[in-house]
Undergrad: 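I'd like to ask some things about the structure below.
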2 protein chains.
Amino acid sequence: MSGYTRDVTQLPVVDQPPPLSGALLEHLARRIRLRAEAVLAPLGLRPRHLVALTVLRVHGECSQQALSATLAMDGTNIVGLLNELETGELIERRRSPQDRRRHIVEITDTGRALLAKAEFALAAAEDEVLGALDRNQRETLNALLQQATAGELLVFTETGGA
Amino acid sequence: MSGYTRDVTQLPVVDQPPPLSGALLEHLARRIRLRAEAVLAPLGLRPRHLVALTVLRVHGECSQQALSATLAMDGTNIVGLLNELETGELIERRRSPQDRRRHIVEITDTGRALLAKAEFALAAAEDEVLGALDRNQRETLNALLQQATAGELLVFTETGGA
DNA sequence: ATGGATCGTTTGTGTAAGGCAAACGATTTA
DNA sequence: TAAATCGTTTGCCTTACACAAACGATCCAT
């Protein structure tokens, strides 16, 4: 599965490094996050909340530890994060009927509404940072990110949690 | 300039939020960063170094405070970051002839080499996270990020630093 | 039924990133 | 000559996390 043979059908030109996105991803994320903080504060949100809500909107409901894996964040910290979101009734924790130890986490309508509101408010900030991209390109970018994000959960859906 | 009228030539369908990338950007960046740390450690690098080097490769040489602005990081912290990079001879600080208070920061050949080496090492980690994107999409993604990143510096190039 | 695993939770500790402020030497500019 | 600027050093503070240990509730296997 991990034996992903990179496309070396031709000769390795000059041993050129593959197109790498991580650093740029991080760089742009930071620039946006800094501006986002100021915009989100009045809404009682911080960047981490935005990320969690966004992920919860993409995926449907999910167990708390699945969320922990998806956000790549320690389980103990997820508790606190969800507490904050639950206080604002942005997410809902309910017991799983199948396994009553589990919490089923889901974004609420209030959560969706606030998320949408936040997104409107953030548009300007993003425009500022992603100014070099035109509308089309930004949509392409977003589609790619969305697809990449949605892809993760397949792993956990397939595996089920083994 | 900031009066960017979003394309509302038609009726605002249902007041749908604009395509937002910030949260997803941050989410994916985090997932990659965590895996990257392990890969970079043996090279004596941390994610922040990778970001700095990558940015320095995209832009050419630049003053230290321009870098501070580009990385959106406090000037005092830039000093330490550059010190670490300079110790490894990955970047070079030299005095500007025009204004000898200024430091001209530039990535060295050693820096480029190590950066390339790191990128090779990181490919697997990215493959893992961006697995839902095919080769073409990943190239598109990278091109967009590159373009967005390169765009920032225009601001400072134009303004000159006023 | 009993014992061992599992899920979420609490608490507590540690670390790394980074902001912010003050003061300094070297330099430029007015 | 005086004031502003660039990088630098020092010191303090906050935030986001990871990690470990212990707990109650629950599931599961024997």
Side-chain angles (χ1 to χ4, degrees), chain A residues 23 26-27 29-31 33-38 40-41 45-52 61-87 91-106 156 159-162, chain B residues 26-27 29-31 33-38 40-41 44-52 61-87 91-106 156 159-162:
Chain A
E26 181 126 5
H27 177 219
R30 156 173 260 264
R31 293 182 64 86
R33 174 168 26 97
L34 291 180
R35 303 173 193 243
E37 276 169 359
L40 293 177
L45 291 175
R46 266 167 301 167
R48 31 209 313 274
H49 301 134
L50 241 281
V51 175
E61 48 181 45
C62 72
S63 91
Q64 207 157 313
Q65 65 176 17
L67 187 62
S68 164
T70 303
L71 291 180
M73 198 173 304
D74 191 276
T76 63
N77 297 321
I78 293 287
V79 175
L81 179 55
L82 291 182
N83 285 347
E84 295 169 2
L85 293 174
E86 199 180 32
T87 299
I91 61 120
E92 196 187 55
R93 267 195 275 223
R94 58 173 188 279
R95 230 78 222 198
S96 161
Q98 284 76 31
D99 184 343
R100 311 226 2 263
R101 290 169 300 180
R102 273 193 172 83
H103 272 163
I104 307 274
V105 183
E106 196 177 10
F156 302 108
T159 319
Chain B
E26 182 127 4
H27 177 217
R30 156 173 259 264
R31 293 182 63 86
R33 174 166 28 95
L34 291 180
R35 303 173 194 244
E37 277 169 358
L40 292 178
L45 291 175
R46 266 167 302 166
R48 31 208 315 271
H49 301 133
L50 242 279
V51 174
E61 48 181 45
C62 70
S63 90
Q64 207 158 313
Q65 65 174 20
L67 188 61
S68 165
T70 304
L71 291 180
M73 197 173 306
D74 191 275
T76 62
N77 296 321
I78 292 287
V79 175
L81 179 55
L82 289 183
N83 286 347
E84 295 169 3
L85 293 174
E86 199 179 32
T87 299
I91 61 122
E92 196 187 54
R93 266 195 276 223
R94 58 173 189 279
R95 232 80 223 193
S96 161
Q98 283 76 33
D99 185 342
R100 311 227 359 266
R101 291 170 299 181
R102 273 193 172 83
H103 272 162
I104 307 274
V105 183
E106 196 179 10
F156 303 106
T159 320

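Naming: A, B, ... by sequence-line order, numbering from 1 per chain.
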Undergrad: Are a donor atom and an acceptor atom from the side chains of B/Arg94 and B/His103 found within less than 3.5 Å of each other?
TA: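 Not at all, the side chains of B/Arg94 and B/His103 share no donor-acceptor pair under 3.5 Å.
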
Undergrad: Do the side-chain N or O atoms of A/Arg30 get closer than 4.0 angstrom to the phosphate oxygens (OP1, OP2) of C/dG18?
TA: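 Answer is yes, contact under 4.0 Å.
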
Undergrad: Which listed nucleotide (D/dG7, D/dC17, C/dT10) is nearest to the side chain of A/Asn83?
TA: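 Looking only at heavy atoms from C-beta outward on A/Asn83, the closest nucleotide is C/dT10.
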
Undergrad: Can you find a pair of side-chain heavy atoms, one from A/Val105 and one from A/Ile78, that are under 4.5 Å apart?
TA: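 No, too far: nothing below the 4.5 Å cut-off.
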
Undergrad: I want to check something: taking the side chain as every heavy atom from C-beta on, are B/His27 and A/Leu71 in contact at a cut-off of under 4.5 Å?
TA: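 Yes, at least one pair of side-chain atoms sits under 4.5 Å.
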
Undergrad: I want to verify a distance call: between D/dT26, C/dG18, D/dA18, whose nearest atom is closest to the A/Asn77 side chain?
TA: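 That would be D/dA18.
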
Undergrad: Among C/dA16, C/dC7, C/dG19, find the nucleotide with the atom closest to the side chain of B/Asp74.
TA: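 Within the option list, the nearest is C/dG19.
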
Undergrad: Report the nucleotide, chosen from C/dA17, D/dG7, C/dT28, that has the shortest atom-to-atom distance to any side-chain atom of B/Arg48.
TA: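 Of the options given, the side chain of B/Arg48 lies nearest C/dA17.
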
Undergrad: Given C/dC20, C/dT27, D/dA18, identify the nucleotide with an atom nearest to the side chain of B/Thr76.
TA: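 For the B/Thr76 side chain, the nearest candidate turns out to be C/dC20.
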
Undergrad: So which one's nearest nucleotide on DNA chain D is more toward 5', A/Gly75 or A/Arg100?
TA: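 Result: A/Gly75.
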
Undergrad: Strictly below 4.0 Å: does A/Arg33 bring a side-chain N or O up to OP1 or OP2 of D/dT15?
TA: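 It does not, given that no N or O in the side chain of A/Arg33 lies less than 4.0 Å from OP1 or OP2 of D/dT15.
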
Undergrad: Side chain of B/His103 only, please: which of C/dA16, D/dC17, D/dG7 is the nearest?
TA: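 Minimum distance to the B/His103 side chain belongs to D/dG7.
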
Undergrad: By nearest atom, which of the nucleotides C/dT27, C/dG8, C/dA17 is closest to the A/Gln64 side chain?
TA: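 The nucleotide sitting nearest to the side chain is C/dG8.
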
Undergrad: Return the nearest nucleotide to the side chain of B/Val79; candidates are D/dC6, D/dA18, D/dT8.
TA: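 Given the options D/dC6, D/dA18, D/dT8, the side chain of B/Val79 is closest to D/dT8.
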
Undergrad: Looking only at side-chain atoms of A/Arg101, point me to the closest of D/dC6, D/dC27, C/dT28.
TA: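 Selected nucleotide: D/dC27.
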
Undergrad: Can you tell me the distance, in whole Å, between the CG atom of A/Leu82 and the P atom of C/dG8?
TA: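 Rounded to whole Å, this separation is 10 Å.
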
Undergrad: Using atom CD1 of A/Ile78 as one end and atom P of C/dT10 as the other, report the distance to the nearest whole Å.
TA: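 The answer, rounded to whole Å, is 14 Å.
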
Undergrad: Could you please name the option among C/dT11, D/dC6, C/dT28 that lies closest to any side-chain atom of B/Gln65?
TA: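 From the listed options, D/dC6 comes nearest.
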
Undergrad: Tell me: CG of A/Leu45 to P of D/dA16, nearest whole Å?
TA: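 A/Leu45 atom CG is separated from D/dA16 atom P by 13 Å.
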
Undergrad: Find which nucleotide of DNA chain C each of A/Leu34 and A/Asp99 is nearest to by heavy atoms, and output the residue with the more 5' nucleotide.
TA: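 The residue closer to the strand's 5' end, by nearest nucleotide, is A/Asp99.
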
Undergrad: Let me know the distance between CG of B/Leu67 and P of C/dG18, rounded to the nearest Å.
TA: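 Atom CG in B/Leu67 sits about 13 Å away from atom P in C/dG18.
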
Undergrad: Roughly, in whole Å, what's the span from CD in A/Glu37 to P in D/dT15?
TA: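 After rounding, the reported distance stands at 11 Å.
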
Undergrad: Work out which heavy atom in A/Leu67 is nearest to a heavy atom in A/Cys62; give both atom names and the distance.
TA: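 Heavy-atom minimum between the residues: CB-SG, 3.9 Å.
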
Undergrad: Whole angstrom is fine here: how far is it from CD in A/Glu86 over to C1' in C/dG8?
TA: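 A/Glu86 atom CD is separated from C/dG8 atom C1' by 12 Å.
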
Undergrad: Between atom CZ in B/Arg93 and atom C1' in D/dG7, what is the gap in whole Å?
TA: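 To the nearest whole Å, that distance equals 8 Å.
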
Undergrad: So which heavy atom on B/Gly44 is nearest to which on B/His49, and how close?
TA: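 Reported closest heavy-atom pair: O-ND1, 4.4 Å.
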
